[in-house]
K.L.:
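Next up is a structure, given as structure tokens.
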Amino acid sequence: MADRPVTVHIDPAFRIAPVSRRTFGSFVEHMGRCVYGGLYEPDHPSADAVGLRRDVLDLVREQGVTVVRYPGGNFVSGYHWEDGVGPRDQRPTRLDPAWHSVETNAFGLDEFMTWAQAAGIEPMLAVNLGTRGPREALDLLEYANHPGGTRLSDLRRSHGRETPYGIRMWCLGNEMDGPWQLGHQTAHEYGRRAAETARAMRMIDPTLELVACGSSGPDMPTFAAWEATVLEHTYDQVDFVSAHLYHEERDGDLASLLASSVGMDQFIDDIVATCDHVRARTRSSKRINISFDEWNVWYMRDFLATGVPTEWVQAPPLSEDDYTVADAVVVGSSLITLLRHSDRVTVACQAQLVNTIAAIRAEPGGPAWRQTIFYPFALTARYARGTVLRVECTSAPTTDTARYGDVPLLDVVATYDDDADELVVFAVHRGQREPVTIDMDLRAFPGYRLAEQVVLHDPDPYARNTSAEPDRVRPQTVAGAAVDQGRLALALPPVSWTMLRLTRVDVTA
Ligand code: AHR
């Protein structure tokens, strides 16, 4: 046990921003078995009339996902949305160059919208700016959102979709900075194409919320210069710039993996600085926010070592990572980072939703189950309400990491819902050796008591859930701690994620 307790100061005056419900988004791409064998499996015992797996839908609702980006990812940069609408027996089978897979188009926009309505999520649609441009984006917008009386809106209606979809959020392409992207462009080329597309889309509907592609990650050689150039072209036309970041353990360096959110914090700060630099240069009063629309732990090195299949097959299993307790702690701390930046990050999508790089695993013809990373997401999505509060820790111990230098062992944020009289604290202990004792100063919350303490931890940080043992790792409810004279003392185990729910006791009752 670290000898000195860490004092954790929480105060309702330390307001950052309201909790954005869109922080708890996810991502569905036509990649591997995310769609086929994930969302959609017509022969599955739980499938509905459309072919949607009801067991997966149940888990998506339990996970608390609020918004879902679709249909890619790299896939979208070669996609023809028209192939995926209309009678299924007339849809073309195509090659998907991004994932070297065969795309049957049995699942497309109309099935996705049926699924979105059943899941109760907001759709966020990406348009293809890799092999296509403004014309096709306008066509898709007309098909999706126009009420009727035009060729494409009437085509939608002829497919049994009388009511327009009313999709508000649109991504202008995907990772156009990446040389792996179909139709990869320079920042100037993409900036112009994104601006033209945005301008055209706004002529149809000025109220759309549009996302310009930012960098595929902070390690891209063009990072920051890319955002600056793209925003010079698009500043007046877009609302968000995107950010993508995947964490992974490299060469057995668990300490650096556990500190991944330190890099995420820095990435966000750098993007905000770049957006505000362009704002100053353009003399604009508008602020560009961040849509962090791909983030997760992804064992990308394993994926790159194996590569995509050499044969052309439909929905090959790709990147079906088996997540550990340590990965769940990283997901928990990534959510802490996203919440802490709620003043500028108002949309975030964990990538992806089912099977591929995902919190939910769906066995072909069999059950669907929760990976370790499911739990911090589901609990944060359910209980982070109201306003995000900055949390200050004094005398917090640090540890040295190869990737991020000296990092604090504790990462903490809080949300405060004054209507419901509920304070929720999310904390991660990144250390691997001993528990840390915290002394939480709650004097600014008189009358609050601990209603629930939930911990995700295992003596083995590499413990995972499997199809044979899907409940090996679950969060545990811990009893015993109590607020005493405005202070709460408790110990956080090493490599753990903790949620504390505090509610106000009515002393007059
Ligand atoms: O989520 C997997 C892939 O990661 C996406 O297709 C791409 O946008 C990113 O590189």
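Computed from a predicted structure; not experimentally measured.
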K.L.:
Looking only at heavy atoms, what is the nearest atom pair of Thr131 and Gly78, with distance?
P.N.:
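Minimum heavy-atom contact is OG1-CA, 3.8 Å.
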
K.L.:
For His30 and Tyr36, what are the C-alpha separation, side-chain angles and deciding distance, and is it a ring pair (Phe, Tyr, Trp, His ring centres under 6.0 Å)?
P.N.:
CA-CA 8 Å; His30 287 242; Tyr36 302 106; 5.8 Å; yes

K.L.:
Excluding sequence neighbours, so at least two apart, what forms side-chain hydrogen bond (donor to acceptor under 3.5 Å, both in side chains) with Glu175?
P.N.:
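Checked Glu175 against side-chain hydrogen bond (donor to acceptor under 3.5 Å, both in side chains); matches are Trp180, His244.
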
K.L.:
Are Arg21 and Glu122 close enough for a salt bridge, meaning some N to O gap below 4.0 Å?
P.N.:
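Salt bridge between Arg21 and Glu122, a charged N being under 4.0 Å from a carboxylate O: no.
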
K.L.:
Does Arg464 reach the side chain of Thr324, with side-chain heavy atoms less than 4.5 Å apart?
P.N.:
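SC-SC contact between Arg464 and Thr324 confirmed.
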
K.L.:
Evaluate the side-chain proximity of Ile204 to His146: yes if any heavy-atom separation is below 4.5 Å, no if none is.
P.N.:
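No - every pair of side-chain heavy atoms lies 4.5 Å or more apart.
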
K.L.:
Do Trp99 and Phe75 pass the ring pair (Phe, Tyr, Trp, His ring centres under 6.0 Å) test, and can you show the C-alpha distance, the side-chain angles, and the key distance before you say yes or no?
P.N.:
CA-CA 7 Å; Trp99 303 115; Phe75 172 80; 9.2 Å; no

K.L.:
Listed by chain and number, what are the side-chain hydrogen bond (donor to acceptor under 3.5 Å, both in side chains) partners of Arg430, not counting sequence neighbours?
P.N.:
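Here the qualifying residues are Ser261, Asp411.
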
K.L.:
Would you indicate whether the side-chain heavy atoms of Trp497 and Ser333 approach each other to under 4.5 Å?
P.N.:
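With C-beta onward as the side chain, the pair stays apart.
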
K.L.:
Between atom CG of Asp265 and atom OG1 of Thr337, what is the distance when rounded to the nearest 0.5 Å?
P.N.:
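Answer for the CG-OG1 pair, Asp265 versus Thr337, is 4.0 Å.
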
K.L.:
Indicate yes or no for a side-chain donor-acceptor contact from Ser256 to the backbone of Arg403 under 3.5 Å, with no hydrogens or angles considered.
P.N.:
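Present.
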
K.L.:
Among Val50, Leu39, Val85, which residue meets the side-chain contact (heavy atoms from CB on, under 4.5 Å) test with Glu111?
P.N.:
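Testing Glu111 for a side-chain contact (heavy atoms from CB on, under 4.5 Å) against Val50, Leu39, Val85 leaves exactly one candidate, Val50.
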
K.L.:
Given side chains that start at C-beta, do those of Glu136 and Asn128 come closer than 4.5 Å, heavy atoms only?
P.N.:
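Answer no - side chains too far apart.
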
K.L.:
If you count every heavy atom of other residues, nucleotides or ligands that lies below 6.0 Å from Arg61 atom CZ, does the total exceed 12?
P.N.:
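More than 12 heavy atoms, drawn from other residues, nucleotides or ligands, come within 6.0 Å of this atom.
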
K.L.:
Can you pull out every salt bridge (Lys or Arg N to Asp or Glu O under 4.0 Å) where at least one residue sits in residues 244-255? Sequence neighbours excluded, please.
P.N.:
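For residues 244-255: Asp251-Arg301.
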
K.L.:
Please verify the inter-ring angle class for Phe303 with Trp298; under 30° counts as parallel, over 60° as perpendicular, anything in between as tilted.
P.N.:
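Taking Trp298 first and then Phe303, their aromatic rings sit tilted (interplane angle of 30° to 60°).
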
K.L.:
For Ser216, is there any backbone N or O sitting under 3.5 Å from a side-chain donor or acceptor partner on Asp177?
P.N.:
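Between the backbone of Ser216 and the side chain of Asp177 there is a qualifying donor-acceptor contact (under 3.5 Å).
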
K.L.:
Check the angle between the aromatic planes of His233 and His188 and answer parallel, tilted or perpendicular using the 30° and 60° thresholds.
P.N.:
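It falls in the perpendicular class, over 60°.
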
K.L.:
In the structure I gave you, are the side-chain heavy atoms of Ile288 and Val278 within less than 4.5 Å of one another anywhere?
P.N.:
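No, too far: nothing below the 4.5 Å cut-off.
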
K.L.:
Restricting to pairs with a member in residues 196-206, which pass side-chain hydrogen bond (donor to acceptor under 3.5 Å, both in side chains), not counting sequence neighbours?
P.N.:
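Counting only pairs at least two positions apart or across chains, the side-chain hydrogen bond (donor to acceptor under 3.5 Å, both in side chains) contacts touching residues 196-206 are Arg168-Asp205, Arg192-Glu196, Arg202-Asp239, Asp205-Thr207.
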
K.L.:
Quick one: which of Tyr79, Phe112, Trp81 gives a ring pair (Phe, Tyr, Trp, His ring centres under 6.0 Å) with Tyr70?
P.N.:
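In the set Tyr79, Phe112, Trp81, the residue that makes a ring pair (Phe, Tyr, Trp, His ring centres under 6.0 Å) with Tyr70 is Phe112.
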
K.L.:
In a check of side-chain contact (heavy atoms from CB on, under 4.5 Å) between Leu59 and each of Arg53, Arg370, Arg361, which one passes?
P.N.:
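The option that passes is Arg370.
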
K.L.:
List for me each residue that meets side-chain hydrogen bond (donor to acceptor under 3.5 Å, both in side chains) alongside Thr346, sequence neighbours excluded, and say none if there are none.
P.N.:
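Testing Thr346 for side-chain hydrogen bond (donor to acceptor under 3.5 Å, both in side chains), a comparison that skips the adjacent residues, returns none.
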
K.L.:
Can you list every pair that meets ring-ring contact (aromatic ring centres under 6.0 Å, His included) and has a residue in residues 198-225, with sequence neighbours left out?
P.N.:
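Non-adjacent pairs meeting ring-ring contact (aromatic ring centres under 6.0 Å, His included): Phe223-Phe267.
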
K.L.:
Are Arg69 and Glu294 within salt-bridge range, i.e. N to O under 4.0 Å?
P.N.:
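Yes, Arg69 and Glu294 are salt-bridged.
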
K.L.:
Are any of the side-chain heavy atoms of Asn145 and Tyr165 separated by less than 4.5 Å?
P.N.:
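Of all side-chain heavy-atom pairs linking Tyr165 with Asn145, at least one is under 4.5 Å.
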
K.L.:
Is Glu227 reaching over with its side chain to a backbone N or O of Thr274, donor-acceptor style, under 3.5 angstrom?
P.N.:
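No: the side chain of Glu227 does not pair with the backbone of Thr274.
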
K.L.:
Using only atom types and a distance under 3.5 Å, with no angle test, would you say the side chain of Tyr190 pairs donor to acceptor with the backbone of Leu129?
P.N.:
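Not confirmed, Tyr190 side chain does not pair with Leu129 backbone.
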
K.L.:
Taking side chain as C-beta onward, heavy atoms only, is Leu353 less than 4.5 Å from Phe27?
P.N.:
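No; the side chains remain at least 4.5 Å from each other.
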
K.L.:
For the side chain of Arg385 and the backbone of Arg382, is there at least one donor-acceptor N/O pair under 3.5 Å apart?
P.N.:
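Yes: the side chain of Arg385 pairs with the backbone of Arg382.
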
K.L.:
Could you tell me whether the side chain of Asp293 and the main chain of Cys349 form a donor-acceptor pair under 3.5 Å?
P.N.:
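Looks like no, no N/O pair under 3.5 Å.
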
K.L.:
Strictly below 4.0 Å, N to O, side chains only: are Arg135 and Asp139 in salt-bridge contact?
P.N.:
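Yes, Arg135 and Asp139 are salt-bridged.
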
K.L.:
Within a strict 4.5 Å, meaning less than it, do heavy atoms of the Met300 and Ser319 side chains meet?
P.N.:
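No, too far: nothing below the 4.5 Å cut-off.
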
